Engineer: 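Have a look at this one.
This one's a predicted model, so the numbers in the text were calculated from it and none came from an experiment.
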Amino acid sequence: MTRPNQAQPPTAPSSATVIIVDDDAGIRSSLDSLFRSVGLETRLFGSPAELLGGSLPNGPGCIVLDVRLPGVSGLDLQSQLIRQGISYPIIFMTGHGDIPMSVRAMKAGAVDFLSKPFRDQDMLDAVTAALERDAQHRAEAATKEDIRTQYETLTAREREVMAHVTAGLMNKQVAALIGLSEITVKIHRGNVMRKMGVRSLADLVRKAEALGVSQPRRTTDQT
């Protein structure tokens, strides 16, 4: 790493953790000092096996990962993490990077691909971008979970009405399709709006899209 100027700290949560995976103890130590100097927590691992066998933080974070590691390469570790549902944004480091390698890493979701030696500020900029991506991902996941919780309070009939309404059908059309009176459909629709915490059809449509709700087949014996 090179330090021509004073590195500027990232605008990231103080509770964020940078997970460093490199078989070079000197690199791990240097990165550890850099990240801690700007208020970030760190976890250090010397190999993919150590990372996979260790405990990862539950809060926001990212992974700074060397491409060439003993046993399993950084790119293979990236694939393993994806398969295990571990979605931390990854910044790759390499002293031997090439275009195909960097393309593969970026296509798999890497935030950046830095060639050694790199400037401290370049690494901090990459970490900032990674932590911002992680924060956005966590916020979106939390919002979707809230919507899912609301959706689970609906009865089967209310879910059916919601699916038809958000597909663009009017109350009268929904009533004819599922064999209810229009006033009953209107009551179900009102319950859906209240339970889903929305005041407009547009907001309900957005929540339905977030859940992947699709128009159901016709049923006649739900209550």
Engineer: Regarding Glu140 and Gln136, do their side chains bring together a donor and an acceptor under 3.5 Å, going by distance alone?
Structural biologist: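 A donor-acceptor contact under 3.5 Å links the two side chains.
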Engineer: How far does CE of Met196 sit from CZ of Arg159, to the nearest 0.5 angstrom?
Structural biologist: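 One gets 9.5 Å once the value is rounded to the nearest 0.5 Å.
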Engineer: Are side-chain heavy atoms of Glu160 and His188 found at a separation under 4.5 Å?
Structural biologist: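 The answer is no, as the side chains (C-beta and beyond) never meet within the 4.5 Å cut-off.
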Engineer: Shortest non-hydrogen contact from Pro60 to Asp134?
Structural biologist: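 Residues Pro60 and Asp134, closest heavy atoms: CA-OD2, 3.2 Å.
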Engineer: Compute whether any side-chain donor of one residue and acceptor of the other, for Thr128 and Asp125, lie under 3.5 angstrom apart.
Structural biologist: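 Side-chain D/A pair, Thr128 to Asp125: absent.
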Engineer: If every non-hydrogen atom of Ala130 is compared with every non-hydrogen atom of Pro89, which pair is closest and at what distance?
Structural biologist: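 Residues Ala130 and Pro89, closest heavy atoms: O-CG, 3.3 Å.
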Engineer: From Lys186 NZ over to Leu180 CG, what is the distance, rounded to the nearest 0.5 angstrom?
Structural biologist: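 Going from NZ on Lys186 over to CG on Leu180, the span is 15.5 Å.
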Engineer: If you take all heavy atoms of Asn171 and Val185, which pair is closest and at what distance?
Structural biologist: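 Smallest interatomic distance, heavy atoms only, reads O-CG1, 3.9 Å.
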Engineer: Please lay out, stage by stage, how Val18 and Cys62 fare under the test side-chain contact (heavy atoms from CB on, under 4.5 Å).
Structural biologist: CA-CA 5 Å; Val18 182; Cys62 66; 4.2 Å; yes
Engineer: Under a 3.5 Å threshold, yes or no: a donor from one side chain and an acceptor from the other, between Ser33 and Ser30?
Structural biologist: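 The criterion, which ignores hydrogens and geometry beyond distance, is not satisfied for Ser30 and Ser33.
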Engineer: How far does CE of Met162 sit from CG of Leu211, to the nearest 0.5 angstrom?
Structural biologist: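 Here the interatomic distance stands at 6.0 Å.
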Engineer: One pair to check against side-chain contact (heavy atoms from CB on, under 4.5 Å): Leu56 and Ile19. What are the steps and the verdict?
Structural biologist: CA-CA 8 Å; Leu56 296 177; Ile19 300 163; 3.9 Å; yes
Engineer: May I ask whether Val161 and Leu201 are part of the same hydrophobic cluster, defined by side-chain heavy atoms of I, L, V, M, F, W, Y residues being less than 4.5 angstrom apart, directly or through others?
Structural biologist: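 Yes, Val161 connects to Leu201 through the hydrophobic network.
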Engineer: Could you pull out the closest heavy-atom pair between Ala110 and Gln78, with the gap in Å?
Structural biologist: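 Closest approach of Ala110 to Gln78: N-NE2, 3.7 Å.
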Engineer: State, with a plain yes or no, whether a side-chain heavy atom of Arg43 is found less than 4.5 Å away from one of Pro57.
Structural biologist: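 Yes; the side chains approach each other to less than 4.5 Å.
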Engineer: Please report the interatomic distance CZ(Phe92) to CG(Leu77), rounded to the nearest 0.5 Å.
Structural biologist: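 It is 7.5 Å, given to the nearest 0.5 Å.
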Engineer: So how far is it from Asn191 CG to Thr155 OG1, rounded to the nearest 0.5 Å?
Structural biologist: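 The OG1 atom of Thr155 is 7.5 Å from CG of Asn191, to the nearest 0.5 Å.
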Engineer: Decide yes or no for Val127 and Phe35: does some side-chain heavy atom of the first lie under 4.5 Å from some side-chain heavy atom of the second?
Structural biologist: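 Yes, their side chains come closer than 4.5 Å.
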Engineer: Can you tell if the side chain of Leu81 reaches within under 4.5 Å of the side chain of Ile63, non-hydrogen atoms only?
Structural biologist: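 Yes, at least one pair of side-chain atoms sits under 4.5 Å.
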Engineer: Is atom NZ of Lys195 surrounded by more than 12 heavy atoms (other residues, nucleotides or ligands) closer than 6.0 Å?
Structural biologist: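 Yes - once you tally the heavy atoms of other residues, nucleotides and ligands closer than 6.0 Å, there are more than 12.
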Engineer: Identify the two heavy atoms, one from His137 and one from Ser87, that lie closest to each other, and give their separation to 0.1 Å.
Structural biologist: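 Smallest heavy-atom distance, with atoms named: NE2-OG, 3.5 Å.
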Engineer: Are any side-chain N or O atoms of Thr153 and backbone N or O atoms of Thr149, one a donor and one an acceptor, separated by less than 3.5 Å?
Structural biologist: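 Not a single qualifying donor-acceptor pair exists.
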Engineer: If you measure from the Lys or Arg side-chain nitrogens to the Asp or Glu carboxylate oxygens, is any gap between Asp203 and Arg199 under 4.0 Å?
Structural biologist: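 Arg199 and Asp203: not salt-bridged.
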Engineer: Quick one: does Asp23's side chain have a donor or acceptor within less than 3.5 Å of a partner on Gly46's backbone?
Structural biologist: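 No; zero donor-acceptor contacts below 3.5 Å.
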Engineer: Given the rule in the side-chain contact (heavy atoms from CB on, under 4.5 Å) test, do Lys207 and Val213 qualify, once you have shown the distances and angles that lead to the verdict?
Structural biologist: CA-CA 9 Å; Lys207 289 194 173 185; Val213 172; over 6 Å; no
Engineer: Looking only at non-hydrogen atoms, find the nearest pair between Ala126 and Val111 and report the distance.
Structural biologist: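 Closest pair (atom of Ala126, atom of Val111, distance): O-CG1, 4.0 Å.
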Engineer: Please assess Leu44 against Asp32 for the test side-chain contact (heavy atoms from CB on, under 4.5 Å), listing each intermediate value before the final yes or no.
Structural biologist: CA-CA 8 Å; Leu44 310 182; Asp32 179 50; 4.0 Å; yes
Engineer: Do Val165 and Leu169 come within less than 4.5 Å of each other through their side chains, counting heavy atoms only?
Structural biologist: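 No; the side chains remain at least 4.5 Å from each other.
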Engineer: Determine whether Thr42 and Thr17 make a side-chain contact, defined as any pair of heavy atoms from C-beta on separated by less than 4.5 Å.
Structural biologist: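 No, side chains not in contact.
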Engineer: Is there a donor-acceptor pair closer than 3.5 Å between any side-chain N or O of Ser29 and the backbone N or O of Ala25?
Structural biologist: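 Side chain of Ser29 to backbone of Ala25, a donor-acceptor pair under 3.5 Å: no, none is there.
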Engineer: Is there a donor-acceptor pair under 3.5 Å between the side chain of Lys172 and the backbone N or O of Glu182?
Structural biologist: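 Not at all, since once roles are kept as given, no pair shorter than 3.5 Å links the two residues.
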Engineer: Distance from Leu177 atom CG to His164 atom NE2, nearest 0.5 Å?
Structural biologist: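 Output value for this atom pair is 4.5 Å.
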Engineer: Looking at side-chain heavy atoms only, is the closest gap between Met93 and Leu31 below 4.5 Å?
Structural biologist: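 In contact.
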Engineer: Using the side-chain hydrogen bond (donor to acceptor under 3.5 Å, both in side chains) definition, which of the options Arg68, Lys116, Arg28 pairs with Asp22?
Structural biologist: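 The residue from Arg68, Lys116, Arg28 that satisfies side-chain hydrogen bond (donor to acceptor under 3.5 Å, both in side chains) with Asp22 turns out to be Lys116.
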Engineer: Is there a path of hydrophobic side-chain contacts, each under 4.5 Å between heavy atoms of I, L, V, M, F, W or Y residues, that connects Ile86 with Val72?
Structural biologist: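 Yes, it is one cluster - the side chains of Ile86 and Val72 are joined through contacts under 4.5 Å.
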Engineer: Do the side chains of Arg36 and Glu41 get close enough for a salt bridge, i.e. N-O under 4.0 angstrom?
Structural biologist: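 Salt bridge flag = yes for Glu41 with Arg36.
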Engineer: Is the shortest side-chain heavy-atom distance between Ser47 and Leu69 below 4.5 Å?
Structural biologist: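 Heavy-atom side-chain distance check fails, nothing below 4.5 Å.
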Engineer: Hey, are Asp76 and Gln80 close enough side-chain-wise for a donor-acceptor pair under 3.5 Å?
Structural biologist: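 No, because no side-chain N or O of Gln80 sits under 3.5 Å from a partner of the opposite role on Asp76.
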